[in-house]
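This report concerns only the one structure given below.
For the numbers below, each heavy atom of this structure counts, side chains included, while hydrogens, waters and symmetry mates do not. Each ligand, and each atom within it, is numbered from 1 in the order the structure gives.
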Amino acid sequence: MKLDITKVTPFVGLDTINGYKVRATEALKTLEEGTCPGNDFLGWLHLPSSITPQFLAEVKAAAQTLREECDAVVVAGIGGSYLGAKAVIEALSNSFQWLLNDGKNPVILFAGNNIGEDYLYELTTYLKGKKFGVINISKSGTTTETALAFRLLKKQCEEQRGKETAKKVIVAITDAKRGAARTCADKEGYKSFIIPDNVGGRFSVLTPVGLLPIAVAGFDIEQLVKGAQDMEKDATLAAEYAATRYALYQTGKKIEILANYQPKLHFIAEWWKQLYGESEGKDNKGIYPASVDLTTDLHSMGQWIQEGERTIFETVISVENPEHKLLFPSDEENLDGLNFLAGKRVDEVNKMAELGTQLAHVDGGVPNLRVSIERLDAYNLGQLIYFFELGCGLYCQLLGVNAFNQPGVEAYKKNMFALLGKPGYEKETAEIKARLS
Ligand code: PA5
């Protein structure tokens, strides 16, 4: 993996960035020593190197049971209990996986990440008559979105497959002792995995939260972990990323746009947005993490990026080598005037679009970082995941916020429960009704 910041230095001097890099490297010590705010949640820091082959074998065995017993597996979870698995599975899957239906892998579906009635209706309708299983993921075990989906799916699975089979094909990933998901798993006798106490949701993709669904989808979790382990050995790139972000933030760049040129990376950006947004957006501080899929969004957000308010910078994730080879076709009539491209790799055209865009954005006043990986495989994704996690941890130390809590997420829940009349919320219900009357 490489990080190129040469297209940032026209905007912020290298000396400034290097100064922050020294501070970011010092910040690593505060993470290592556990002297930073939120130090109860530093389990992710040396998570990759703590993963044993025995543990991976246990995850793979559980995945194998689901693969053998199910045509579809629904992963119920939200936020950190959803996005990591979704991101890796999308990045590694055939773009048309859901149409292939080749019987080699179970269809992986996601639920519990919204409260859309139509979504849940359509999902449960699709599952009618199907041999499906469920991975119920919730650290707290009390998240409304996930609990709702799980209620529906558990009931349907038991009705369709019988209680005994349901026990085999429902897996819980939750806290060791607390919460409804733990109580239910223990009572029903489901296979379960623990989300370590000291690993917060958005840093949990390398725990069973991410590893089990990824293994069920048929991908190589050993290589994913190996990539993260290798990245754990050297914090240089993450410190440089953290320092560059911080330097840009100090010059008034308040929005970071993560851009990709491979549609399969869309959900990597969603995962990244959660990781950074929930970690740094507090105390009225923090860069707003946004994302675009390019070249698609050059025909929509491209205008804003090129000429809108100059408060943005861009980080491009670039994949050096595509998996497949496809040439730009020649056309006898050449009505579109594109025969000059005939015979070139499609990826060469994509790469020139990427370079041309980067230069245009820099000319337009948008500092650009480039993170490149050799290919889109499990190993490189493992590297990318740990790089972004560590970069986030270090950057939040520079910013002076607790990266590992999310107090702001409670505000909507409090209002929603008050509006829905949850027992125990009587005072809040009265207040919110008075406010709305
Ligand atoms: O990063 C986080 O901590 C959150 O996004 C959680 O993952 C999310 O709210 C889901 O929580 P839980 O796993 O408790 O259902």
> Mind checking whether Tyr276 and Phe388 have parallel, tilted or perpendicular rings, split at 30° and 60°?
Replying inline: perpendicular
>> According to ring-ring contact (aromatic ring centres under 6.0 Å, His included), does anything in residues 129-153 pair up with another residue at least two apart or in another chain? List the pairs.
In response: none
> Within 45° of the axis and under 6.0 Å from the centre of the six-membered ring of Tyr190, does NZ or CZ of Lys167 qualify?
Replying inline: no
> side chain to side chain donor-acceptor pair (under 3.5 Å) with Lys139: which residues, sequence neighbours excluded?
Replying inline: none
> Near ligand 1, which protein residues have a heavy atom under 4.0 Å away?
Replying inline: Ile78, Gly79, Gly80, Ser81, Ser138, Lys139, Ser140, Thr143, Gly201, Arg202, Gln274, Glu278, Gln406
> Centroid-to-centroid, Tyr241 to Phe387, below 6.0 Å?
Replying inline: yes
> Is there any side chain to side chain donor-acceptor pair (under 3.5 Å) pair reaching into residues 424-437, and which pairs are they, with sequence neighbours excluded?
Replying inline: none
